Amino acid sequence: MSVSATPRATAPLAPAGSEIRVLGACPHDCPDTCGLVTTVRDGVAVRVQGNPEHPLTAGVLCTKVSRYTERTYHPERVLTPLRRVGPKGAGRFEPCTWDEALADIARRLSAIAARDPQAILPYSYAGTMGQVQGEAMAGRFFHRLGASLLDRTICASAGGEGLIYTLGGRLGMKVEHFVDSKLILIWGSNAITSNLHFWRLAQDARRRGARLVCIDPRRTETAEKCDEHLALKPGTDAALALGLMHELIAQDWLDHDYIRRHTLGFERLRERALQWPPERTAEVCGLTAEQIRRLARDYAHTRPAAIRLNYGMQRARGGGNAVRAVACLPALVGAWRHPAGGLLMSNSGWVRPRGEALQRPDLLAGRQPRTINMSTIGDDLLREASPDFGPRIEAVVVYNSNPVAVAPQSSRVAQGFAREDLFTVVLEHFLTDTADHADYVLPATTQLEHWDIHKAYGHTDVLLNRPAVAPMGQALPNTEIFRRLARTMGFDDPCFEDDDETLCRTAFGDAVDWAQLLDKGFAAMPVAEAPFAEGGFPTPSGRCEFYSERLAAQGLDGLPDWLPNHEEAGSDPRHPLAMISPPARNFLNSTFVNVKSLRDIEGKPLLEIHPQDAAARGIASGSLVRVFNDRGSYHCEAEVSERARPGVVHGLGIWWRKLGPRGTNVNELTSQKLTDLGRAPVFYDCLVQVETA
Ligand code: SF4
């Protein structure tokens with residue numbers, strides 16, 4: 001049976017000669033989830049702008065997404081199915097028809113599934129944050145198949161678990177209230193790069209008299225514009241939080257009433273925090289005792305005080321504990337009492353999609369496949385079958401992700417994807433490092449070409465994305481690709497017939513006003529203005545849990561603590577520099593690296609190194625350097641800069657390997673070790689040495 005029918009999700013195409021504006025949502029992994037307005041002339045998207053009606057977007061997009069048409073109409077878009085003709089990794093393909101591709105993929109997956117469907121692995125993350133083009137039809141397909149499950153840990157699970165064990169969920173203050181805060185700690189976040197709309201609010205707050213303090217190992221663009229910058233050593237955030245607690249407790253700058261009524265485990269936390277006087281904290285963090293005392297005093301005496309925490313700090317061994325420690329601070333001083341006080345790391349828990357209705361885990365029909373951690377894909381692709389591991393991975397279907405570039409220890413990942421006996425299918429817009437290793441590359445639509453629905457992790461609105469233009473070439477939405485694959489494999493469950501608009505309506509059901517989404521493109525969800533002013537934390541105790549019985553029951557420390565990095569500075573004389581790999585400003589993980597105008601702004605892969613460390617190695621700005629450890633070598637250009645503190649270097653990421661010098665990127669150096677909570681990677685817990693190349 002031919003399954004190459006017309007795509008079901010059709011765009012509201014403009015008649016010839018007319019111009020229309022179509023409302024959408026930014027799909028990228030960014031807390032802001034902006035509303036988009038795409039101007040379409042004669043069926044062609046000519047401009048993408050911010051939706052001026054959406055309060056947080058306020059008509060403004062970042063540079064990356066304001067160039068979205070350059071990405072959609074990129075001359076290197078994959079527009080037909082491609083079949084491999086060269087060796088794995090060479091990126092040599094021939095075009096084929098959808099029928100040919102689907103028939104062969106179905107045949108090969110069916111043969112593997114007949115032996116053990118767990119030998120098939122889906123691999124995906126937040127290439128789109130959409131509920132529909134993300135895991136909706138894909139989840140149905142892999143559940144019906146009985147494939148291995150994927151533990152999606154690569155970005156946020158350590159911090160997410162830290163929040164869950166402390167506050168009861170991925171919950172925080174509403175971002176719009178930061179404008180009324182009087183002290184804002186921007187902790188582990190280069191907001192100008194990765195949380196632009198929060199930064200606008202913080203700037204407004206500052207104009208109204210707020211003080212901004214940035215806590216970050218790197219002197220980022222954001223740090224430069226704050227009133228104070230505390231450049232702590234990577235992986236010491238929990239120590240700083242404990243040091244602040246010490247001062248709050250020792251000076252009795254506490255909200256005893258809030259602690260008594262709304263927290264659990266204060267006496268135990270007190271004992272722990274009193275082990276962290278400013279001098280010890282200063283030594284661990286690489287700060288001065290006076291900086292710590294002053295910050296504690298300001299935090300205790302400024303009302304309302306708010307913390308904007310981001311994910312950088314949880315990319316080290318103790319990342320989960322670090323988030324737990326910071327998340328204890330607002331309850332100690334009663335900051336939650338005010339709408340503009342408290343903490344925001346993620347608000348994704350306030351708005352819950354109907355995951356089971358979308359992804360249909362019931363299609364497993366009682367089967368319980370194993371789970372593979374996406375952060376150890378390098379090792380796992382190279383693992384043999386064993387009673388512990390289960391079957392060897394024989395097939396991987398990658399969508400919304402580029403693991404060869406973004407997963408840690410990428411030489412292992414590339415080695416795994418280079419296995420000639422691995423069958424790899426990649427749904428993509430471009431021939432990425434991962435697509436180069438595929439047996440089939442299937443052309444996927446971009447956000448301008450399909451339906452989707454989005455929630456955010458930085459605000460609490462739901463946004464609808466309507467297709468603005470028809471799919472380019474033979475590209476199809478992910479949903480349609482999995483729909484057709486299901487049909488080709490003989491999966492006749494009615495759920496595979498749901499079209500994309502139905503899936504969008506299913507995602508939040510009656511919890512969101514569909515008519516408003518169609519009309520305005522967004523709908524605000526009901527979230528209390530000061531959600532924890534009267535406690536009501538959704539933990540087992542209903543309190544902010546300084547001490548977690550749930551952690552203790554797992555044999556873990558019930559209190560937050562500082563855990564030194566796996567690769568602690570000073571522990572390895574051969575690799576004396578600590579490396580972090582924060583995002584380059586004009587890329588979003590590995591997305592946009594191939595958009596020429598953005599790559600031109602970034603220039604080249606860079607390593608920021610402090611003048612002292614550079615001088616000791618004879619390195620000048622513009623030198624080609626080799627950054628290395630026992631896992632590999634990465635070549636890039638040095639930028640001698642006081643953005644780096646002595647002893648710490650910054651490998652700005654994440655370039656595609658094939659676009660960097662000598663075909664590597666910064667993840668050549670990162671390890672597959674995991675965090676204390678959440679089984680997440682430790683990208684910022686990495687020792688290296690640097691020399692001129
Ligand atoms: S990447 Fe972030 S700031 Fe840029 S358009 Fe998307 S949501 Fe907005």
Side-chain angles (χ1 to χ4, degrees), residues 21-39 45 47-72 125-131 133-134 155-156 175-176 178 186 189-204 220-222 308 310-312 344-348 351 400-402 406 429 446-450 452-466 468 521-522 524 582-595 597-599 601-602 653-654:
R21 286 149 66 85
V22 182
L23 299 178
C26 174
H28 293 292
D29 190 355
C30 166
D32 296 13
T33 308
C34 290
L36 307 181
V37 181
T38 302
T39 303
R47 199 162 47 246
V48 177
Q49 295 168 294
N51 183 349
E53 306 293 324
H54 182 235
L56 189 68
T57 308
V60 176
L61 301 179
C62 63
T63 311
K64 303 178 280 276
V65 174
S66 60
R67 300 183 185 199
Y68 207 77
T69 55
E70 192 179 338
R71 188 168 188 279
T72 294
Y125 198 67
T128 172
M129 299 286 285
Q131 298 297 318
Q133 304 305 335
C155 183
V175 68
E176 49 268 45
F178 275 92
I186 303 176
S189 172
N190 183 3
I192 292 176
T193 289
S194 56
N195 197 187
L196 181 65
H197 296 79
F198 156 76
W199 176 247
R200 286 159 55 92
L201 295 168
Q203 292 286 86
D204 282 349
T220 61
E221 299 88 334
T222 306
R308 180 66 178 101
N310 213 341
Y311 288 93
L344 171 58
M345 183 172 199
S346 172
N347 268 331
S348 67
V351 182
N400 304 333
S401 187
N402 181 10
V406 305
H429 306 137
T446 68
Q447 190 76 344
L448 302 190
E449 301 158 78
H450 56 225
D452 214 331
I453 192 163
H454 293 253
K455 66 170 192 166
Y457 57 96
H459 61 75
T460 50
D461 301 336
V462 168
L463 289 91
L464 182 67
N465 185 76
R466 301 174 74 151
F522 64 91
R585 184 168 178 174
N586 291 286
F587 304 153
L588 207 159
N589 298 326
S590 74
T591 306
F592 299 105
V593 178
N594 66 325
V595 174
S597 69
L598 296 171
R599 198 168 68 241
I601 300 172
E602 285 301 321
I654 301 174

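Quantities reported herein were computed from a predicted structural model and do not represent experimental measurements. The figures here come from the full heavy-atom set of this structure, side chains too, leaving out hydrogens, waters and symmetry mates. Each ligand, and each atom within it, is numbered from 1 in the order the structure gives.
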> Do you see a donor-acceptor pair shorter than 3.5 Å between the side chains of Q133 and H454?
Replying inline: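 Their side chains do not contain a donor-acceptor pair, so the 3.5 Å distance test is not met.
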
> Do we see a donor-acceptor contact under 3.5 Å between the side chains of Y125 and N402?
Replying inline: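 Side-chain D/A pair, Y125 to N402: absent.
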
> Can you name the one residue among V48, T69, N465, T72 that meets side-chain contact (heavy atoms from CB on, under 4.5 Å) with T38?
Replying inline: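 Single side-chain contact (heavy atoms from CB on, under 4.5 Å) partner of T38 among V48, T69, N465, T72: V48.
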
> Going from NE2 on H28 to OG on S194, what distance comes out if it is rounded to the nearest 0.5 angstrom?
Replying inline: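 Between atom NE2 of H28 and atom OG of S194 there are 14.5 Å.
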
> Sequence neighbours excluded, which residues qualify as side chain to side chain contact (heavy atoms under 4.5 Å, CB included) partners of N347?
Replying inline: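 Counting only residues at least two positions away or on another chain, N347 forms a side chain to side chain contact (heavy atoms under 4.5 Å, CB included) with L344, W350, T460.
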
> So what's near atom 6 (Fe) of ligand 1, protein N, O or S atoms under 2.8 Å?
Replying inline: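 Correct list: C26 SG.
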
> Is a donor on one side and an acceptor on the other found under 3.5 Å between the side chain of D452 and the backbone of R466?
Replying inline: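 Checked: no pair found.
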
